[in-house]
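Sequence lines set the chain letters: A, B, ... in the order given, protein chains first and strands last, and positions in each chain run from 1. What's counted below: heavy atoms across the whole structure, side chains too, no hydrogens, waters or symmetry copies.
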Amino acid sequence: MDLYEHQGKELFAKAGIAVAEGRIAFTVAEARAAAEELGGTVVVKSQVLVGGRGKAGGVKVVKDADAAEAAAEAILGLDIKGHITRRLLIERGVAIAKEYYVSITFDRSAKMPLLMLTTMGGMDVEDVAENHPDMLARLHVDPALGFRGFHGVQLMAAAGIPVDERKAVGAMLAQLYGVFEAEDAMLVEVNPLVFLDDGTLLAADAKVTIDDNALYRHPDVEAMRDLAAMDPQEQAARESHLAYVKLDGDVGILGNGAGLVMSTVDVIAQAGGRPANFLDVGGGASAEKITTALEIVLSNDKVNSVLFNIFGGITRCDEVAKGLLGALEATEIRAPIVVRLDGTNAEQGRALLTEAARPEITVEKTMLEAAATAVRLAKEAS
Amino acid sequence: MDLYEHQGKELFAKAGIAVAEGRIAFTVAEARAAAEELGGTVVVKSQVLVGGRGKAGGVKVVKDADAAEAAAEAILGLDIKGHITRRLLIERGVAIAKEYYVSITFDRSAKMPLLMLTTMGGMDVEDVAENHPDMLARLHVDPALGFRGFHGVQLMAAAGIPVDERKAVGAMLAQLYGVFEAEDAMLVEVNPLVFLDDGTLLAADAKVTIDDNALYRHPDVEAMRDLAAMDPQEQAARESHLAYVKLDGDVGILGNGAGLVMSTVDVIAQAGGRPANFLDVGGGASAEKITTALEIVLSNDKVNSVLFNIFGGITRCDEVAKGLLGALEATEIRAPIVVRLDGTNAEQGRALLTEAARPEITVEKTMLEAAATAVRLAKEAS
Amino acid sequence: MAVIATKDTRLVVQGITGREGTFHALRNRDYGTNVVAGVTPGRAGQDVEGIPVFDAVVDAVEQQGANTALVIVPPRFAAEAILEAAEAGVAQIICITEGIPAHDMLEVYHYIRPRGIHLLGPNCPGALSPGIANIGIIPAEVFKPGPIGLMSRSGTLTYQIGGELAAKGLGNSTIIGLGGDPVIGTSFIDALDLFQADDETEFIVMVGEIGGNEEEKAAEVIAERITKPVVAYIAGFEAPPGKTMGHAGAIISGSAGTAAAKQEALEAKGVRVGTNPTEAAQIMADLVGNR
Amino acid sequence: MAVIATKDTRLVVQGITGREGTFHALRNRDYGTNVVAGVTPGRAGQDVEGIPVFDAVVDAVEQQGANTALVIVPPRFAAEAILEAAEAGVAQIICITEGIPAHDMLEVYHYIRPRGIHLLGPNCPGALSPGIANIGIIPAEVFKPGPIGLMSRSGTLTYQIGGELAAKGLGNSTIIGLGGDPVIGTSFIDALDLFQADDETEFIVMVGEIGGNEEEKAAEVIAERITKPVVAYIAGFEAPPGKTMGHAGAIISGSAGTAAAKQEALEAKGVRVGTNPTEAAQIMADLVGNR
């Protein structure tokens, strides 16, 4: 789960990490009130779950409440790479002396947290990695040890942090690692990490991603979820504990098992079609579960045909066929469904469907045949 | 550092472990006041750093303040295996339904904490270990993991704790392990751990030892030290950061290095003498350091002769001889000193001492010769 | 000999009294796996259709000689269940549970790895050696014995390919479900080494998917030390970046972890990659036929 | 070849800019030890009489090829210094520091041990291979080269016995100071195995003291697999129970850890135990003479 900057900063503040004082605003009026309350120079920042808002005009430094109001007016509703700005962070302006970059990522390859630090703050870190690789210090932390003082020394020395700044930066690194561990983060990024004119070290931005599987122990973070920003199908799938990802084609796809469904998406594309979604119904074969999954797939208006791809294992294909027939009773189906059943008891399952002779269903024996048919049907309907 | 029961319970309470409400009392009047304040039945308990106070009459359950006063009168000043009772713990009486035993020790052999649990509470655990070994459950905890839920399950299952009590006892085990880790304990023992009539689980006693080397991070524990109970020589040595242990003989011993001094103590005994102390002066050879060490050894009235046993390594024997001669200038020496210098520059050192011709000094070349001389001199003086 | 699931397996099922635990413990036993014990705290002394239940894994090890643990417990207890098995001296642990927090698995991984304990999973279907033993939830019906070692990050995709191979008359030495999580105990490289050392494995099929770079690392190892022929299939060419495709580990981060990159890395080392499961099975069938 | 301190040693001294660190780093170098680097955070770029100083151990490993670390830092930083060296890939760490909290050492021990990293100490004088290399604070003046491996929990007691042997014309392959703390990285058993495998060691002297049961465990191992003659000395027969005799590890707990028990255990396995250092040295001298 990706957090907005202001949410990430809430977690930072809880961990004792300095951030600029700020207010969240959903309307122009709220933005003005926040600017008035903070007084003086403020920064009006678009809160979107995507990078590059600065270049897109999503961040403005303004001198007073009038200017803040105007900035809010300009930024609310702003489309930043497909993300519409619906909330603003109004922050007290600070006098920045120096900008660094620090991040902690969950490095699956090394199976360790990876810390990155550079004095080239404020820039895109991919640029630094590509064009100034010597300036980007990288360090893995063995999770059996956790972050220790010597990790900080190593990383800061490699990044060229001046010796007189190491106490402050080292303490900040420890705190950020603390957030990474305590909040089950997959990413904690601060860009820029800034020294103010008065020597204070402060996290001027916050990009935090929390492990979905760990949200059960972070109800405060779970409550931060912005349901309004979610796709309606994705939201419905989430409520039903189904794995769903929207794509932009017209062939709806559901099947059992993430790998098989990913493969089905690929096969549809190989057959010349355009997949509309990924949906893993998981194990089991109740009519209720299949009904919910079909309803989510079909609630996407673009869908012109549906491929239901099952490889029966412990759940047998005859059970799946019965579940599917039950689902067809329970909901109205507005597009043709191609069903492929393979694996345990596939023949019995196919026989059940053939006997039922539902007009909306075409039964195929193999995955490739089923894909070809689903693509053809979608093209006919469009 | 061994803690009194009431001090251990302070650490327990800080960790959220239930203990009976209690007051510390140094006088009979304080004991009476505490009993009045608590009201009803109270327990008057001798606070000494030794076991077996129950059998020695150091614990009395009384019905009211008058009886508490009488009990305090009886217990204050009570000698329990050489430990004089100087403080009391007055606790509110509780209705005990069941008594268990639990301890966590620092097992050097396994290099892991060792948990022990038995339903035979209130008894001497050595008795349980010897006479009912099947009743004493033992479990090592890998420090790389720390105490986990499954450790509790394992231990409680092995000890035969009823299933319906495991939630409460498991939580208590986790808390006690928390104290063991957080406070750098070498021992945490609760005997008995009691279930009250109302189902509450409570630590009815507390025996806690803290690692001396870790006291720098536990100033609150360091402040609990009862200087009044310490031997005056041990206290003086402690203040000077010298390792000193009082023994009951008449040959004072000092030397460099714990092993060599232990060996010197043994050799004195082998030579028919009775060692008066162990004192390791450590490395270095300043007159000041040697003066302090000599003063501590000689402030024990029993000492009739002193053996100063040095094996020169990095610190050379000629330096040590100079330091010793300086020390003799700085303090008055009331007993003969046998000096043995060996190792680096031993001959030069011995020559310096021989030249100085101090009447209180006898120089010997080997450890065994020096021991024989020191024993002879002590016998002559006694 | 096969690997992981063998005739020497003495299995303890952690969470045996749960619905799933009971179902699969009995299924595994029915298949012929030597299921010697189950564990559910507080249930010691009971049995599950003759399988004795203990409070703790250490009891199953001491009293029943368990040497392999199957973990089927809810995600919030799974990491600790693995650690319990590890500390109890179980040398091989298979964890089915899906949804374990990634940080929990970091801790588990760095505890067991230096101590030489083998973990398969989590979020995996287990391991099946057809005709010998089945540990976990793989539908044995689909597979038959044979010379092909099959290793995969995906369950049903494995069954798909196994089913296609079986339809062509080909069978497997062992099917290893590696699991769909970002941190798993047994990587493609570990499984490759197991298969390379296994006498009954003559060919290897590798089923990868988007996310991470384990397929790329495996390609290096294949070139370096695997002498048995390897055929691969990768799922997720059409997956958009930044989206978790069902498996917690199936996510393209930035430009890393794409199916195309994995295919390229494998082909660069001479591994033939099928464009779909059917083609991958066909390539393997041709290879076996040409022997 | 000798052990621990060898001609292949490339030493990094952690805490080199401290008073003790500088003194012993230079002393070790003067003896002939290859001291390649020092570490003090914030002092990178400086040098100590030609020995380059780095901010972190990993830099000393990468830039100077350090393979052995000598830790001479205050007790509250020592555990972390050991862990730093371990994580930096140093295979052998010698820690002189006295006064490290016991719980810190538990953590260190269980981190390094499964990872195959060797630690000598803490609270030990180090290791000296006369004529080859000296790592730590052992006064090399006292010893000469020879066939006797010497291992000890006490510093000066080692010097005492080494001095007595030298006076009889006998020398040492390596002197290993194991350290006086309750949790040490190298036990008597570890040192016995090192000496058993070392070509230059023909005889072994073991200097124990009260506390713990490492001498008793060593007795078992001597009987089991040590073919070289072992002579022992134990200090602390007169020590009262419950008192720490200088070394944090030298304490009799209840009835465990007494010198008498250790002597008995060793003699039961045929190890001759001297009643004082002089006698122990004499027994060894007789043994060597009879060869």
Side-chain angles (χ1 to χ4, degrees), chain B residues 2 105-106 108-109 111-113 126 142-145 180-181 184-186 211-217 243-249 255-270 275 278-280 282-283 310-316 342-346 366-368 371, chain D residues 23-24 27 75-76 98-107 109-111 113-114 125 137-139 141-142 152-160 163 180-183 207 209-214 217 233 235-240 243-250 253-254 259 275-278:
Chain B
D2 295 331
T105 51
F106 190 101
R108 359 194 325 196
S109 178
K111 297 191 174 69
M112 294 191 189
E126 274 86 32
D142 183 342
L145 285 182
F180 184 78
E181 269 201 328
D184 280 295
M186 305 303 280
D211 179 10
D212 286 324
N213 283 339
L215 286 174
Y216 72 85
R217 53 191 177 203
Y244 175 94
V245 175
K246 197 173 208 166
L247 304 169
D248 56 7
N256 64 331
L260 184 63
V261 180
M262 260 188 279
S263 179
T264 310
V265 169
D266 290 351
V267 167
I268 287 292
Q270 286 167 12
F278 163 104
L279 193 158
D280 176 9
I310 295 291
F311 193 94
I314 288 165
T315 303
R316 301 189 308 266
D342 202 347
T344 313
N345 291 8
T366 73
M367 185 162 155
L368 299 184
Chain D
F23 178 76
H24 292 292
R27 233 184 107 258
R76 65 185 70 187
E98 177 174 1
I100 304 177
H103 281 256
D104 289 7
M105 283 312 303
L106 273 195
E107 184 190 23
Y109 187 86
H110 290 277
Y111 183 78
R113 201 81 186 182
I137 64 173
I138 296 178
E141 302 79 1
V142 178
S152 171
R153 285 170 62 191
S154 154
T156 41
L157 206 43
T158 315
Y159 316 155
Q160 168 78 31
D181 271 4
V183 179
V207 183
E209 62 188 33
I210 55 162
N213 65 347
E214 295 299 330
K217 291 197 281 186
Y233 171 68
F237 280 84
E238 300 297 317
K243 293 284 186 179
T244 303
M245 304 300 277
H247 287 158
S253 305
T275 56
N276 55 57
T278 310

Examine whether an atom of [X] lies under 4.5 Å from a heavy atom of chain D, and if so say whether it belongs to the side chain, the backbone or both; otherwise answer neither.
X: B/Met112; value: both
X: B/Ile310; value: neither
X: B/Asp2; value: neither
X: B/Ala243; value: side chain

Output the distance between atom [atom1] ([X]) and atom [atom2] ([Y]), rounded to the nearest 0.5 Å.
X: B/Asp184; Y: D/Asp104; atom1: CG; atom2: CG; value: 6.5 Å
X: B/Ile314; Y: D/His24; atom1: CD1; atom2: NE2; value: 4.5 Å
X: B/Leu260; Y: D/Glu209; atom1: CG; atom2: CD; value: 11.5 Å
X: D/Thr244; Y: B/Asp212; atom1: OG1; atom2: CG; value: 6.5 Å
X: B/Ser263; Y: D/Leu157; atom1: OG; atom2: CG; value: 5.0 Å
X: B/Met262; Y: D/Phe237; atom1: CE; atom2: CZ; value: 12.0 Å

Contact part of [X] toward chain B, heavy-atom cut-off under 4.5 Å: side chain, backbone, both or neither?
X: D/Ile100; value: backbone
X: D/Arg27; value: side chain
X: D/Tyr111; value: neither

Is it the case that the side chain of B/Asp280 and the backbone of D/Gly246 share a donor-acceptor pair, with hydrogens and angles ignored and the cut-off at 3.5 Å?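 No; judged by distance alone, with no hydrogens or angles, the pair does not exist.
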
Is there a donor-acceptor contact under 3.5 Å from the side chain of B/Asp266 to the main chain of D/Ala235?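 No, the answer is negative, given that no donor and acceptor are paired below the 3.5 Å cut-off.
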
Thinking salt bridges, do D/Glu107 and B/Lys111 make one under a 4.0 Å N-O criterion?
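Looking at B/Lys111 together with D/Glu107, the answer is no, because their closest N to O distance does not fall below 4.0 Å.
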
Residues D/Asp181 and B/Arg108 bridged, charged N to O under 4.0 Å:
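The answer is no: the pair does not qualify as a salt bridge.
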
A side-chain contact here means heavy atoms from C-beta on lying under 4.5 Å apart; do [X] and [Y] qualify?
X: B/Pro113; Y: D/Leu106; value: yes
X: D/Arg76; Y: B/Arg217; value: no
X: D/Met245; Y: B/Val245; value: yes
X: D/Asn276; Y: B/Gln270; value: yes
X: D/Pro75; Y: B/Tyr216; value: no

For the candidates B/Val261, B/Asp342, B/Val267, B/Asp211, which exhibits the highest count of non-hydrogen atom pairs separated by less than 4.5 Å from chain D?
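Answer, by heavy-atom pair count under 4.5 Å with chain D: B/Asp211.
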
*Heavy atoms only, distances under 4.5 angstrom: which of B/Ala144, B/Gly257, B/Gly255 has the most pairs with chain D? Name it, please.*
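The candidate making the most pairs under 4.5 Å is B/Gly257.
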
Quick check for you: among [options], which has the greatest number of heavy-atom pairs under 4.5 Å with chain B?
options: D/Lys243, D/Gln160, D/His247, D/Glu214; value: D/Gln160
options: D/Thr275, D/Val183, D/Thr278; value: D/Thr275
options: D/Pro139, D/Ser152, D/Ala102; value: D/Ala102
options: D/Pro182, D/Gly163, D/Ala239; value: D/Pro182

I'd like to know whether B/Phe180 forms a side chain to side chain contact (heavy atoms under 4.5 Å, CB included) with D/His103, so could you lay out the CA-CA distance, the side-chain angles of the two residues, the decisive distance to 0.1 Å, and finally the verdict. CA-CA 9 Å; B/Phe180 184 78; D/His103 281 256; 3.4 Å; yes

Would you check if there is a donor-acceptor pair between the side chains of B/Asn256 and D/Thr156 at a distance under 3.5 Å?
->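 Result is no, nothing qualifies.
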
Under a 3.5 Å threshold, yes or no: a donor from one side chain and an acceptor from the other, between D/Tyr159 and B/Thr344?
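On atom types as modelled, these side chains do not qualify, holding no pair under 3.5 Å.
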
Exercise. Is there a side chain to side chain contact (heavy atoms under 4.5 Å, CB included) between B/Asp142 and D/His110 once you walk through the steps?
Worked result: CA-CA 8 Å; B/Asp142 183 342; D/His110 290 277; 3.7 Å; yes

